[in-house]
Chemist: 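Handing you this structure, nothing more for now.
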Amino acid sequence: QVQLVESGGRLVQAGGTLRLSCAASGRTFTNFHMGWFRQAPGKEREFVAAVSWNGDNTDYADSLKGRFTISRDNGQNMVYLQMNSLKPEDTALYYCAADEARTGVPTRRARGYDYWGQGTQVTVSS
């Protein structure tokens, strides 16, 4: 079993910066690909970013590439999402997810992730 807890979401102004954190506990953190997803009211959950188990590979939604950065610290069992130049359309509930995988690259499909956090709310005002 793996437990994931997100934190760092808050109300910010457009153009601002925010860093989300995800703390993992339970099974060995370093064996998991990690991803961030978000869901806004009335929309499906969408892929944001992912990082491989060793941090060597990252992937981003095309619309977010260049503004968001995913990283991980396996020594601290943490994964982060650095969010720059925030826009009102970034407003959503952001979820951290873990994918049990020893090889390959992280998937963009939500169905490919085995564990999920409860989400942290990010609201960007204009």
Side-chain angles (χ1 to χ4, degrees):
Q1 186 74 14
V2 172
Q3 293 80 45
L4 303 173
V5 180
E6 305 96 333
S7 63
R10 68 176 195 271
L11 174 65
V12 297
Q13 296 185 91
T17 297
L18 195 62
R19 188 176 79 160
L20 305 183
S21 299
C22 175
S25 62
R27 297 176 64 183
T28 305
F29 180 69
T30 54
N31 290 154
F32 296 86
H33 296 325
M34 300 296 295
W36 285 98
F37 292 77
R38 68 185 185 184
Q39 187 165 24
K43 294 187 176 181
E44 295 184 353
R45 189 168 299 185
E46 67 173 339
F47 171 76
V48 173
V51 60
S52 61
W53 72 272
N54 60 2
D56 289 346
N57 297 102
T58 58
D59 188 28
Y60 300 91
D62 292 341
S63 62
L64 303 177
K65 191 175 181 66
R67 291 198 298 122
F68 288 11
T69 303
I70 188 171
S71 62
R72 67 191 298 162
D73 184 342
N74 288 344
Q76 297 293 322
N77 295 329
M78 298 288 290
V79 61
Y80 304 97
L81 183 68
Q82 181 70 39
M83 310 166 70
N84 299 328
S85 302
L86 284 163
K87 305 174 180 179
E89 51 263 43
D90 294 321
T91 296
L93 189 64
Y94 283 72
Y95 295 93
C96 176
D99 172 18
E100 292 187 67
R102 295 182 177 89
T103 61
V105 297
T107 180
R108 293 184 174 187
R109 294 182 174 183
R111 293 186 301 171
Y113 290 82
D114 304 289
Y115 304 98
W116 294 82
Q118 81 289 347
T120 185
Q121 179 67 39
V122 173
T123 302
V124 184
S125 64
S126 59

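Every value quoted in this text rests on a predicted model; they were computed, and no experiment measured them.
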Chemist: If you look only at pairs with a residue in residues 44-57, which of them pass as a salt bridge (charged side-chain N to carboxylate O under 4.0 Å, His left out), with sequence neighbours excluded?
Modeler: Arg38-Glu46
Chemist: When you check the side-chain N and O atoms of Tyr115 and Glu100, is any donor under 3.5 Å from an acceptor?
Modeler: yes
Chemist: Looking at Leu64, Leu20, Thr120, which one forms a side-chain contact (heavy atoms from CB on, under 4.5 Å) with Leu81?
Modeler: Leu20
Chemist: Quick one: salt bridge (Lys or Arg N to Asp or Glu O under 4.0 Å) partners of Arg10, sequence neighbours excluded?
Modeler: none
Chemist: Go through the steps to decide whether Tyr95 and Leu4 satisfy the test side chain to side chain contact (heavy atoms under 4.5 Å, CB included), and finish with yes or no.
Modeler: CA-CA 9 Å; Tyr95 295 93; Leu4 303 173; over 6 Å; no
Chemist: Could you walk me through whether Tyr80 and Cys22 pass the side chain to side chain contact (heavy atoms under 4.5 Å, CB included) test, one step at a time?
Modeler: CA-CA 6 Å; Tyr80 304 97; Cys22 175; over 6 Å; no
Chemist: With side chain to side chain contact (heavy atoms under 4.5 Å, CB included) as the criterion, how do Leu18 and Val122 come out once you've worked through the C-alpha distance, each side chain's angles and the decisive distance to 0.1 Å?
Modeler: CA-CA 9 Å; Leu18 195 62; Val122 173; 3.9 Å; yes
Chemist: Considering residues at least two apart in sequence or located in another chain, which fulfil the side chain to side chain donor-acceptor pair (under 3.5 Å) criterion with Thr69?
Modeler: none
Chemist: When you measure from the side chain of Thr17 to the backbone of Asn84, do you find a donor-acceptor pair of N or O atoms at a distance under 3.5 Å?
Modeler: no
Chemist: Should Trp116 and Tyr94 be regarded as members of a common hydrophobic cluster, given that ILVMFWY residues are connected when their side-chain heavy atoms come within less than 4.5 Å of each other, either directly or indirectly?
Modeler: no
Chemist: For Met34 and Ala98, work out which heavy atoms get closest and say how close.
Modeler: SD-CB, 3.6 Å
Chemist: Of the non-hydrogen atoms in Trp36 and Ile70, which two are nearest, and what is the gap between them?
Modeler: CD1-CD1, 3.5 Å
Chemist: Between the main-chain N or O of Ala92 and the side-chain N or O of Gln39, is there a donor-acceptor pair closer than 3.5 Å?
Modeler: no
Chemist: Of all heavy-atom pairs between Phe68 and Tyr60, which one has the smallest distance, and what is that distance?
Modeler: O-CE2, 3.2 Å
Chemist: Shortest non-hydrogen contact from Ser85 to Asp90?
Modeler: O-OD2, 4.4 Å
Chemist: Identify, with sequence neighbours excluded, every residue that meets side chain to side chain contact (heavy atoms under 4.5 Å, CB included) alongside Ser125.
Modeler: Leu11, Gln13
Chemist: Who passes side chain to side chain contact (heavy atoms under 4.5 Å, CB included) against Ala50, sequence neighbours left out?
Modeler: Phe47, Pro106, Tyr113
Chemist: For Trp53, does its backbone N or O pair with a side-chain atom of Asn74 as donor and acceptor, under 3.5 Å?
Modeler: yes
Chemist: Can you tell me if Arg72 uses its side chain to pair, donor with acceptor, with the backbone of His33 under 3.5 Å?
Modeler: no
Chemist: Determine, stepwise, if the pair Met83 / Val12 fulfils side chain to side chain contact (heavy atoms under 4.5 Å, CB included).
Modeler: CA-CA 11 Å; Met83 310 166 70; Val12 297; over 6 Å; no
Chemist: Listed by chain and number, what are the side chain to side chain contact (heavy atoms under 4.5 Å, CB included) partners of Ala23, not counting sequence neighbours?
Modeler: Met78
